[in-house]
Protein chains: 2
Amino acid sequence: MKTGSQRNAVASESANEAELHGITELAREYGISLRAIRFYEDKGLLAPRRINGGRAYTRRDRVRLGLILRGKAVGMSLAEIEHILSLYGEHGEGRGRQLDYLVGRIDEAMAELASRKRHIEDMLADLAEARAQFKREMAAKRRTKKA
Amino acid sequence: MKTGSQRNAVASESANEAELHGITELAREYGISLRAIRFYEDKGLLAPRRINGGRAYTRRDRVRLGLILRGKAVGMSLAEIEHILSLYGEHGEGRGRQLDYLVGRIDEAMAELASRKRHIEDMLADLAEARAQFKREMAAKRRTKKA
DNA sequence: GCCGGTGGTTACGTTAACGTCAACATATTG
DNA sequence: CAATATGTTGACGTTAACGTAACCACCGGC
């Protein structure tokens, strides 16, 4: 597509969103495959505009993709991620989705993440303990050798 | 199997590990399926003793299962979990696995977890921001209505 | 005018992590 | 003794998340 340049003008468009990016750019920028990006789109997580058949990603799309990858990094499924993304995106869709409902969903999502964070902290503590234990054994071994 | 009771004496066994548990007990205790437990065993994450064909889980096995589930809760794959479990279990296997090597692996695992933790903190921060934003909009709406 | 690069759309393959089901053994209980 | 509970081993099905392959189209260039 070569979004940053030719293949057709698109003219007008209220002059905003100066930088539109092609799928290859996005892929390289985030270090993932084109297939993955298209897959996320199939799953409804991304919805880039189409310019002459090609996908054109805006800054917002990039942010979403970032959130998707971060979500994956913390072990969330694409379904869960979609769920969270819906909390961000255009809360105007469907006209008027109550704000307090949205805040409620966000609280749920935050609670979920907080729980995961606690689990991680537990594991970190366990590992630190095991580490210390091994360290003690190493020290003991050294003393034995020295004797 | 009914591990806690009959079906054969097993006698001796150096009198330790008083409480052996059956697979169903474990499943209920941790709220998972029998199939899952057997699956973890197939994957080498668990290795219960066999008593008359049935699986007998010791306290150690339970601890391992706990670690497995916690690992899953933070989004780790079974392969990653196996990796971490190997840091705990019987570091005598193979005779003499160097302790400093083990400490190294633990450090890696801890770094990995710390990274995940940071990701989660980032998401929490983002969500908190979105939440605050909605709250502000709600306040604005109320003021409008009141006017 | 053909090549390579970029992009697009099916369609099928793959791995992980189990679920589901069948078929069978054993053991306690009514 | 038959029912019921608990256990075992396959074998096959399923869902998620992509990877891979095949094939088509357009654009710029030599």
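Throughout, protein chains are lettered first and strands after them, A, B, ... in sequence-line order, and every chain is numbered starting at 1.
Atom CD of A:Glu29 has more than 12 heavy atoms from other residues, nucleotides or ligands within 6.0 Å.
Between B:Leu46 atom CG and C:dC18 atom P there is a gap of 12 Å when expressed in whole angstrom units. A:Arg50 places its CZ atom 6 Å from the P atom of C:dG8, with the value rounded to the nearest Å. Separating the NE2 atom of A:His21 from the C1' atom of C:dT6 is a distance of 17 Å, rounded to the nearest angstrom. Rounded to a whole Å, the CD1 atom of B:Ile37 is 15 Å from the P atom of C:dT20. The CZ atom of A:Arg49 sits 19 Å away from the C1' atom of C:dG8 (whole-angstrom rounding). Distance CD (B:Glu41) to P (D:dT8): 8 Å, rounded to an integer number of Å. Put simply, CZ on B:Arg38 is 14 Å from P on C:dT20, counting in whole angstrom units. Put simply, CG on A:Asn52 is 9 Å from C1' on D:dC26, counting in whole angstrom units.
Residues A:Gln133 and A:Glu137 have side chains that bring a donor and an acceptor to within less than 3.5 angstrom of each other.
Ion pairing of B:Arg70 with A:Asp126 is present here, as a side-chain N (NZ or NE/NH1/NH2) and a carboxylate O approach within less than 4.0 Å.
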Give every donor-acceptor pair under 3.5 Å between a side-chain atom in residues 109-118 of chain B and any protein atom, sequence neighbours left out.
unit_1, atom_1, unit_2, atom_2, d
B:Glu112, OE2, B:Arg116, NE, 3.3
B:Arg116, NH1, B:Val74, O, 3.1
B:Arg116, NH1, B:Gly75, O, 3.1
B:Arg116, NH2, B:Glu80, OE2, 3.4
B:Lys117, NZ, A:Glu121, OE2, 3.3

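The backbone N or O of A:Arg62 sits less than 3.5 Å from a side-chain atom of A:Tyr30, completing a donor-acceptor pair.
The phosphate of D:dT9 (OP1 or OP2) has a side-chain N or O of B:Arg55 nearer than 4.0 angstrom.
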Nucleotides 10-19 of chain D: protein proximity per nucleotide (B base, S sugar-phosphate only, - neither; heavy atom, under 4.0 Å): -B-----BBB
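Separation of atoms CD1 (B:Ile68) and CZ (B:Arg64) is listed at 7.0 Å; rounding is to 0.5 Å.
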